[in-house]
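Take a look at the structure set out below.
In what follows, chains are A, B, ... by sequence order, proteins preceding strands, each numbered from 1. Bear in mind the structure is a predicted one, so any value in this text is a computation, not a measurement.
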Amino acid sequence: MNSGIDLQQSVIEILSNLGLPPGVAKLVWLPLPMVLMLVTAVLGVFTGVWLERKISAAAQQRIGPEYIGPLGILAPAADGLKLLFKEDITPGNADAVLFTIGPALVVIPVFLSYLVVPFGQNMLISDLSIGVFLWIALSSIAPIGLLMSGYASNNKYSLLGGLRAAAQSISYEIPLALAVLAVVMMSNSLSTIDIVNQQSGYGILGWNVWRQPVGLLLFWIAALAECERLPFDLPEAEEEIVAGYQTEYSGMKFALFYIGSYVNLVLSALFVAILYFGGWGFPVPLEQVASLLGVSETNAVFQVVMAAIGIVTTLLKAYFFIFLAILLRWTVPRVRIDQLLDLGWKFLLPVGLANLLLTAGLKLTFPFAFGG
Amino acid sequence: MLKFLNKIGDYAKETLQSARYIGQGLSVTFDHMQRRPITVQYPYEKLIPSERFRGRIHFEFDKCISCEVCVRVCPINLPVVDWEFNKELKKKQLRHYSIDFGVCIFCANCVEYCPTNCLSVTEEYELSTYDRHELNFDNVAMGRLPYKVTDDPMVTPIREFAYLPAGTLSGHDLPASAQRAGDRPEDVAKTLKTSSPEQSED
Amino acid sequence: MNLAEGVQTISFALLALMMIGAALGVVLLDNIVYSAFLLGGVFISISGLYLLLNADFVSAAQILIYVGAVNVLILFAIMLVNKREDFSPVPRRWIRKGGAALVSVGLFALLGTMVVQTPWVIPANLPATTSTLIILGEHFFSDYLLPFELASVLLLMALVGAVVLARREYVLDDEASVGEMPQLPLQLPERPKEPVALSGTSAPSR
């Protein structure tokens with residue numbers, strides 16, 4: 001397995017050649033990937049919001065944003081600008097401190113989860129050995145923020161929305177974790193890099209979809225619920241509880257929730273791509289093709305091209321799932337709260353356990369195909 | 001035990017069925033994505049109002065005989081007819097006439113009953129103002145003719161659904177020669193003439 | 001002291017300060033909701049300390065279980081009850097306070113002596129652990145097998161208990177019809193639920 005390009009080493013080398021001491025060069029390097037990832041995440045949100053508007057419009061035979069930039073591509077930026085200039089209102093009897101901390105607590109864990117999202121062999125912030133588990137652990141902090149903002153708003157609808165959101169998050173965390181666990185069982189590692197590498201080598205045939213179709217469905221349903229996307233958007237159900245925990249929020253604080261939900265959607269879609277669709281792996285095993293054509297794996301141009309293909313492939317896979325989520329939004333009606341909890345506890349959980357058991361059995365019987 | 005297993009089987013069947021339904025729904029939504037938008041990009045494109053469109057009411061001051069029929073047939077007695085009796089002419093002389101289009105329901109009963117045809121409906125429907133009192137049109141404002149959509153160089157006129165050729169669902173990018181479905185009024189008149197020859201031609 | 005050590009020292013100081021401050025807040029604040037939220041802060045600081053000790057899995061599990069589950073459930077309970085009550089002076093309150101102080105001091109003494117007695121010498125050539133996860137797993141299934149299994153049995157018992165509490169089935173006599181259900185004060189009448197295994201495939205006609 002070639003390691004691809006090592007950005008860290010090359011950047012530090014370039015900086016050292018410019019005359020910086022190696023320690024300083026490393027210090028300059030340190031924040032770079034994080035800033036890059038933050039920018040990527042925010043750009044991902046912009047794309048997500050734009051796609052949401054355009055695809056929603058198309059599904060309803062409308063046109064959607066058209067005049068704000070080419071094809072209305074600047075519409076999310078206009079949204080952001082509007083929210084930025086809006087008055088930041090704190091309701092009279094609200095708990096000002098908790099009211100302010102709440103949205104931050106919702107957003108920060110989502111952004112932190114980008115730590116483990118890989119776009120290539122070396123293209124992630126850090127290859128942690130706990131990888132996916134970090135994502136699951138961090139996403140469990142969000143309910144606290146939701147409860148906090150729901151409580152601090154001093155509004156019945158907000159409190160109900162917060163409670164619903166928390167109930168939904170903790171019940172769908174379990175099927176999500178079970179689905180991830182089945183994948184992890186096959187790759188013998190929690191690290192996202194290892195999970196992708198375990199799927200690589202055979203192109204599209206090696207991806208986990210074929211080995212974990214049930215797991216994929218489970219994961220996708222649970223991820224939609226975790227993101228509070230439409231079939232499961234009870235915490236913000238307009239018809240019932242105004243806007244749930246967001247009712248009292250305006251301006252930048254509301255923008256934080258807004259960004260958070262879309263970052264979470266993009267993140268979930270990225271994780272679907274990583275866990276089930278071979279991450280940055282191209283449908284055709286490019287390494288083998290290259291070696292057939294006689295291109296050396298250490299060729300610099302080849303590596304750069306491979307890295308670019310990897311990033312594009314990951315994003316394409318992720319955005320396909322965002323597309324699916326948006327289509328689902330206009331297809332499936334919202335479930336009731338008891339139906340939601342029934343689905344989580346009485347359907348997804350047993351199916352998840354059965355899937356885990358099945359995976360374990362298959363792993364013991366066919367160790368070559370299911371990661372011995 | 002068997003009952004329990006049966007239940008599980010039924011549950012699984014139901015699950016599969018609901019999954020199928022969701023799949024069908026998704027395919028419908030996806031199919032809609034390939035259709036042309038049916039929306040009209042309003043300030044740049046406008047629908048041509050139909051022949052029988054009941055828009056803002058036009059008023060011709062000189063024809064009015066101040067009979068107040070319009071007031072009587074109006075569901076809410078809306079038109080305000082301000083006249084005074086001219087003793088020299090022994091006639092009612094109209095001083096002001098106004099209709100508040102913020103209250104009007106555009107039923108056009110007044111137009112229907114006006115004995116001198118001084119009232120008529122126009123195709124104007126853009127009646128938004130910053131102040132609702134601006135909608136209270138007096139005889140001068142009601143005497144203005146609306147600007148036709150087809151004459152406006154800034155606006156692309158779009159034909160309404162009933163005026164589209166057979167089989168066409170969208171009024172966008174139609175050739176000017178494309179005729180609407182069905183017979184045109186002239187043709188209808190012709191067939192009427194041929195079918196009833198006893199009606200004399202003048 | 002190089003960069004990594006400096007970062008570690010500063011993070012330790014910050015985390016320790018955060019933890020102690022939050023813990024004091026949990027105990028001293030009057031508002032129970034603040035206490036519950038600060039408890040989450042304590043748990044997060046503890047997980048940060050685990051992270052400093054290279055126990056990454058334990059720290060993530062700490063966040064998942066304590067912050068994501070325990071603390072959320074505590075908050076849930078508080079917010080669902082939401083009963084605002086003033087503190088009423090309890091007679092002989094000093095006895096309770098004294099008891100609590102005694103227990104706390106005892107615990108502190110116990111932990112203190114443990115801290116003092118433990119040799120904190122770190123062997124110089126510590127083998128670099130690549131994955132704490134595998135080591136943890138090995139321990140769970142070898143020398144800590146019994147506690148591990150006991151804990152799972154305990155959790156199963158809690159689960160069954162929760163299910164029993166949540167289901168609340170009324171055992172009705174045969175002659176009692178649905179209409180005359182025993183109406184307990186301040187409780188909604190509940191429809192009797194039939195156990196899954198007993199009921200037939202066809203729903204009873206109503």
Using modelled atom types only, decide if a donor and an acceptor are shared between the side chain of [X] and the backbone of [Y] within a distance under 3.5 Å.
X	Y	result
A:Ser169	A:Ala166	no
A:Thr192	A:Val116	yes
A:Tyr245	A:Ser153	no

Please look at [X] and chain A and tell me whether the side chain, the backbone, both or neither of the residue comes under 4.5 angstrom of a heavy atom of that chain.
X	value
C:Leu73	side chain
C:Phe37	side chain
C:Ala36	neither

Please state whether the rings of C:Phe43 and C:Tyr66 are parallel, tilted or perpendicular, taking 30° and 60° as the class boundaries. tilted
Return the option, out of C:Leu133, C:Leu75, C:Val33, with the maximum number of heavy-atom pairs under 4.5 Å with chain A. C:Val33
Aromatic contact, C:Phe141 with C:Phe148 (centres under 6.0 Å): yes
Per-residue tally against chain C (heavy atom, under 4.5 Å) across A:Leu190, A:Leu163, A:Ile170 peaks at A:Leu163
Using non-hydrogen atoms and a 4.5 Å limit, figure out which bit of A:Ala167 sits close to chain C: side chain, backbone, both or neither. both
Of the backbone (N, CA, C, O) and the side chain (C-beta and beyond), which part of A:Leu98 lies under 4.5 Å from a heavy atom of chain C, both, or neither? side chain
Would you say the side chains of C:Asp56 and C:Tyr50 form a donor-acceptor pair under 3.5 Å? no
